[in-house]
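First up is the structure itself, then whatever we jot down about it.
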Amino acid sequence: MRILSFSLAAVTALMLPSSPALAFDPSGTMASIFIILGLGSFTLLNLVLQLLFYFTGPYARSDFSRIHAGISILLPLAALVLALKDNAGIADLTLKLGGILIAAGFALLPLMLRSSARQPSTNSGLWLALGALVLMLPAMIIPPIGIMASFTAAVALRYANDLKARLLAILALIPALSMLLYWIVQKTGLMMTAG
(Lines give C-alpha, C1' and ligand atoms only; values in the text may rest on other atoms or scores of the structure.)
Protein backbone atom coordinates (compact mmCIF):
# COMPACT_ATOMS: atom_id res chain seq x y z
CA MET A 1 0.00 0.00 0.00
CA ARG A 2 2.85 2.29 0.80
CA ILE A 3 4.39 1.75 -2.65
CA LEU A 4 1.05 2.50 -4.29
CA SER A 5 0.69 5.85 -2.53
CA PHE A 6 4.31 6.74 -3.32
CA SER A 7 3.79 5.85 -7.01
CA LEU A 8 0.58 7.84 -7.12
CA ALA A 9 2.35 10.88 -5.67
CA ALA A 10 5.22 10.51 -8.14
CA VAL A 11 2.89 10.23 -11.14
CA THR A 12 0.91 13.27 -9.95
CA ALA A 13 4.10 15.29 -9.50
CA LEU A 14 5.33 14.34 -12.96
CA MET A 15 2.01 15.28 -14.55
CA LEU A 16 2.17 18.83 -13.18
CA PRO A 17 3.78 21.10 -15.72
CA SER A 18 7.06 22.47 -14.59
CA SER A 19 7.28 26.10 -15.57
CA PRO A 20 9.49 28.87 -14.32
CA ALA A 21 8.18 31.42 -11.87
CA LEU A 22 6.65 34.33 -13.75
CA ALA A 23 7.62 37.78 -12.55
CA PHE A 24 5.79 41.01 -13.34
CA ASP A 25 6.55 42.33 -16.81
CA PRO A 26 5.81 46.06 -17.05
CA SER A 27 5.80 46.19 -20.86
CA GLY A 28 2.54 47.59 -22.16
CA THR A 29 1.49 48.98 -18.79
CA MET A 30 1.51 52.67 -19.70
CA ALA A 31 -0.56 52.11 -22.82
CA SER A 32 -3.04 50.00 -20.86
CA ILE A 33 -3.39 52.64 -18.16
CA PHE A 34 -3.86 55.38 -20.76
CA ILE A 35 -6.44 53.38 -22.71
CA ILE A 36 -8.45 52.26 -19.71
CA LEU A 37 -8.38 55.43 -17.64
CA GLY A 38 -7.72 58.21 -20.14
CA LEU A 39 -9.50 57.01 -23.26
CA GLY A 40 -12.31 55.33 -21.34
CA SER A 41 -13.17 58.41 -19.29
CA PHE A 42 -12.79 60.68 -22.32
CA THR A 43 -15.19 58.48 -24.29
CA LEU A 44 -17.74 58.54 -21.47
CA LEU A 45 -17.59 62.33 -21.16
CA ASN A 46 -17.68 62.70 -24.93
CA LEU A 47 -20.87 60.61 -25.06
CA VAL A 48 -22.45 62.98 -22.53
CA LEU A 49 -21.46 65.94 -24.72
CA GLN A 50 -22.83 64.21 -27.81
CA LEU A 51 -26.19 63.70 -26.11
CA LEU A 52 -26.23 67.31 -24.98
CA PHE A 53 -25.33 68.64 -28.42
CA TYR A 54 -27.78 66.30 -30.16
CA PHE A 55 -30.78 67.35 -28.09
CA THR A 56 -29.97 71.06 -27.89
CA GLY A 57 -29.33 71.62 -31.58
CA PRO A 58 -25.66 72.31 -32.38
CA TYR A 59 -25.47 69.10 -34.43
CA ALA A 60 -28.05 70.57 -36.82
CA ARG A 61 -25.08 72.45 -38.31
CA SER A 62 -22.96 69.96 -40.25
CA ASP A 63 -19.72 71.90 -39.72
CA PHE A 64 -20.15 71.67 -35.93
CA SER A 65 -20.56 67.91 -36.01
CA ARG A 66 -17.53 67.53 -38.31
CA ILE A 67 -15.38 69.68 -36.01
CA HIS A 68 -16.55 67.77 -32.93
CA ALA A 69 -15.83 64.42 -34.57
CA GLY A 70 -12.43 65.67 -35.77
CA ILE A 71 -11.42 66.80 -32.30
CA SER A 72 -12.83 63.66 -30.67
CA ILE A 73 -10.87 61.28 -32.90
CA LEU A 74 -7.53 62.78 -31.80
CA LEU A 75 -7.43 60.91 -28.48
CA PRO A 76 -8.12 57.46 -30.00
CA LEU A 77 -5.39 58.18 -32.56
CA ALA A 78 -2.96 59.09 -29.77
CA ALA A 79 -3.95 55.89 -27.95
CA LEU A 80 -3.33 53.91 -31.15
CA VAL A 81 0.19 55.32 -31.46
CA LEU A 82 0.86 54.55 -27.80
CA ALA A 83 -0.55 51.03 -28.09
CA LEU A 84 1.55 50.25 -31.16
CA LYS A 85 4.64 51.57 -29.42
CA ASP A 86 4.07 49.97 -26.00
CA ASN A 87 2.59 46.47 -26.08
CA ALA A 88 3.44 43.15 -24.49
CA GLY A 89 2.44 40.92 -27.38
CA ILE A 90 -0.24 40.11 -29.92
CA ALA A 91 -2.96 39.34 -27.36
CA ASP A 92 -2.27 42.57 -25.47
CA LEU A 93 -2.22 44.58 -28.70
CA THR A 94 -5.49 43.00 -29.88
CA LEU A 95 -7.23 43.87 -26.62
CA LYS A 96 -5.96 47.46 -26.79
CA LEU A 97 -6.94 47.84 -30.45
CA GLY A 98 -10.45 46.62 -29.62
CA GLY A 99 -10.86 49.33 -26.98
CA ILE A 100 -9.42 51.93 -29.32
CA LEU A 101 -11.77 50.86 -32.12
CA ILE A 102 -14.80 51.20 -29.84
CA ALA A 103 -13.63 54.65 -28.69
CA ALA A 104 -13.04 55.72 -32.30
CA GLY A 105 -16.54 54.57 -33.24
CA PHE A 106 -18.03 56.64 -30.43
CA ALA A 107 -15.84 59.60 -31.41
CA LEU A 108 -17.20 59.52 -34.97
CA LEU A 109 -20.81 59.25 -33.80
CA PRO A 110 -21.55 62.98 -34.40
CA LEU A 111 -21.18 62.41 -38.15
CA MET A 112 -24.10 59.98 -38.02
CA LEU A 113 -26.17 62.10 -35.63
CA ARG A 114 -26.14 65.28 -37.70
CA SER A 115 -28.84 64.11 -40.12
CA SER A 116 -31.40 63.54 -37.37
CA ALA A 117 -30.33 66.20 -34.84
CA ARG A 118 -32.90 68.51 -33.37
CA GLN A 119 -32.97 72.14 -34.39
CA PRO A 120 -31.84 74.71 -31.81
CA SER A 121 -34.65 76.04 -29.63
CA THR A 122 -34.91 79.20 -27.57
CA ASN A 123 -33.72 77.28 -24.49
CA SER A 124 -30.73 75.60 -26.17
CA GLY A 125 -28.27 78.11 -24.76
CA LEU A 126 -29.64 77.63 -21.27
CA TRP A 127 -29.40 73.84 -21.43
CA LEU A 128 -25.87 74.04 -22.83
CA ALA A 129 -24.88 76.47 -20.07
CA LEU A 130 -26.32 74.13 -17.43
CA GLY A 131 -24.39 71.26 -19.00
CA ALA A 132 -21.20 73.32 -18.88
CA LEU A 133 -21.91 74.16 -15.24
CA VAL A 134 -22.36 70.49 -14.38
CA LEU A 135 -19.10 69.65 -16.17
CA MET A 136 -17.33 72.50 -14.40
CA LEU A 137 -17.90 70.94 -10.97
CA PRO A 138 -15.75 67.83 -11.49
CA ALA A 139 -13.26 70.01 -13.40
CA MET A 140 -12.43 71.67 -10.09
CA ILE A 141 -11.05 68.31 -8.90
CA ILE A 142 -9.89 66.81 -12.21
CA PRO A 143 -8.63 69.77 -14.27
CA PRO A 144 -8.51 68.05 -17.72
CA ILE A 145 -12.32 67.88 -17.61
CA GLY A 146 -12.08 71.67 -17.82
CA ILE A 147 -11.37 71.31 -21.53
CA MET A 148 -14.83 69.85 -22.11
CA ALA A 149 -16.50 72.26 -19.67
CA SER A 150 -14.86 75.25 -21.41
CA PHE A 151 -15.79 73.93 -24.84
CA THR A 152 -19.41 73.43 -23.77
CA ALA A 153 -19.54 76.89 -22.18
CA ALA A 154 -18.20 78.47 -25.38
CA VAL A 155 -20.88 76.69 -27.41
CA ALA A 156 -23.48 77.81 -24.86
CA LEU A 157 -22.36 81.42 -25.32
CA ARG A 158 -22.87 81.02 -29.05
CA TYR A 159 -26.43 79.69 -28.63
CA ALA A 160 -27.48 81.85 -25.65
CA ASN A 161 -30.47 84.07 -26.36
CA ASP A 162 -30.88 85.71 -22.97
CA LEU A 163 -28.74 87.16 -20.20
CA LYS A 164 -29.36 84.27 -17.80
CA ALA A 165 -27.90 81.70 -20.20
CA ARG A 166 -24.90 83.93 -20.94
CA LEU A 167 -24.19 84.45 -17.24
CA LEU A 168 -24.41 80.73 -16.51
CA ALA A 169 -22.08 80.00 -19.42
CA ILE A 170 -19.56 82.57 -18.19
CA LEU A 171 -19.96 81.23 -14.64
CA ALA A 172 -18.94 77.81 -15.95
CA LEU A 173 -16.26 79.05 -18.37
CA ILE A 174 -14.13 81.18 -16.05
CA PRO A 175 -13.50 78.66 -13.21
CA ALA A 176 -13.07 75.69 -15.53
CA LEU A 177 -10.64 77.51 -17.79
CA SER A 178 -8.68 79.08 -14.94
CA MET A 179 -8.34 75.73 -13.12
CA LEU A 180 -7.22 74.10 -16.37
CA LEU A 181 -4.63 76.83 -17.02
CA TYR A 182 -3.40 76.63 -13.42
CA TRP A 183 -2.99 72.86 -13.78
CA ILE A 184 -1.10 73.28 -17.08
CA VAL A 185 1.24 75.84 -15.49
CA GLN A 186 1.87 73.45 -12.58
CA LYS A 187 2.61 70.51 -14.88
CA THR A 188 4.92 72.57 -17.09
CA GLY A 189 6.77 73.82 -14.04
CA LEU A 190 7.20 70.26 -12.78
CA MET A 191 8.49 69.13 -16.15
CA MET A 192 10.96 71.99 -16.34
CA THR A 193 12.36 71.41 -12.86
CA ALA A 194 12.57 67.63 -13.36
CA GLY A 195 14.50 67.74 -16.60
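Arg118 contributes no side-chain N or O that, together with a main-chain N or O of Gly57, makes up a donor-acceptor pair within less than 3.5 Å. The main-chain N or O of Asp86 is found under 3.5 Å from a side-chain atom of Lys96 such that the two form a donor-acceptor pair. The closest donor-acceptor contact from the side chain of Asn87 to the backbone of Ala83 lies under 3.5 Å.
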Steps toward side-chain contact (heavy atoms from CB on, under 4.5 Å) verdict (Leu49, Leu135): CA-CA 10 Å; Leu49 284 183; Leu135 281 173; 3.6 Å; yes
Intermediate values then yes/no, side-chain contact (heavy atoms from CB on, under 4.5 Å), Tyr159 and Leu126: CA-CA 8 Å; Tyr159 284 90; Leu126 182 64; over 6 Å; no
Derivation of the side-chain contact (heavy atoms from CB on, under 4.5 Å) call for Ile90 and Thr94: CA-CA 6 Å; Ile90 296 296; Thr94 306; 4.0 Å; yes
Audit row: Lys187, Trp183, side-chain contact (heavy atoms from CB on, under 4.5 Å) steps and yes/no: CA-CA 6 Å; Lys187 291 300 175 186; Trp183 178 74; 3.4 Å; yes
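By the 4.5 Å heavy-atom criterion applied to side chains, Tyr59 and Pro110 are counted as neighbours. Annotation: side chain of Arg66 is in contact with side chain of Arg114 (closest heavy-atom distance under 4.5 Å). In this structure, the side chains of Leu113 and Phe53 stay at 4.5 Å or more apart for every pair of heavy atoms. Contact annotation: the side chain of Leu171 never approaches that of Leu167 to less than 4.5 Å [non-hydrogen atoms, C-beta and beyond]. Counting heavy atoms from C-beta outward, Ser32 and Asp92 have side chains that approach closer than 4.5 Å. Looking at Thr43 and Asn46, their side chains never come closer than 4.5 Å, going by heavy atoms from C-beta outward. No side-chain heavy atom of Ser65 sits less than 4.5 Å from a side-chain heavy atom of Ile67.
Minimum heavy-atom separation, Arg166 to Leu157: NH1-O, 3.6 Å. Scanning both residues, Pro175 and Ser178, for their nearest heavy atoms gives O-OG, 3.2 Å. When every heavy atom of Leu180 is checked against every heavy atom of Pro144, the shortest pair comes out as CD1-CA, 4.1 Å. Residues Ser150 and Gly146 come closest through the heavy atom pair OG-O, 2.7 Å. In this structure, Pro76 and Ile100 approach most closely via the heavy-atom pair O-CG2, 3.6 Å. Residues Ala169 and Ala129 share a closest heavy-atom pair of N-CB, 3.7 Å.
With hydrogens and angles left out, the side-chain atoms of Ser116 and Tyr54 include a donor and acceptor closer than 3.5 Å. Residues Asn161 and Thr122 have side chains that never bring a donor and an acceptor to within less than 3.5 angstrom of each other.
Atom CG of Leu39 and atom CZ of Phe106 lie 11.0 Å apart (nearest 0.5 Å). Rounding to the nearest 0.5 Å gives a distance of 12.0 Å between CD1 of Ile71 and CD1 of Ile73.
Cluster membership for Leu133 and Ile141, using ILVMFWY side-chain heavy atoms within less than 4.5 angstrom, is not shared.
In summary, of the residues considered (Leu128, Leu47, Val155), a side-chain contact (heavy atoms from CB on, under 4.5 Å) with Leu52 occurs for Leu128 alone.
Using cut-offs of 30° and 60° for the angle between ring planes, the His68 and Phe151 rings count as tilted.
The local environment of CE in Met140 is crowded, with over 12 non-hydrogen atoms from other residues, nucleotides or ligands closer than 6.0 Å.
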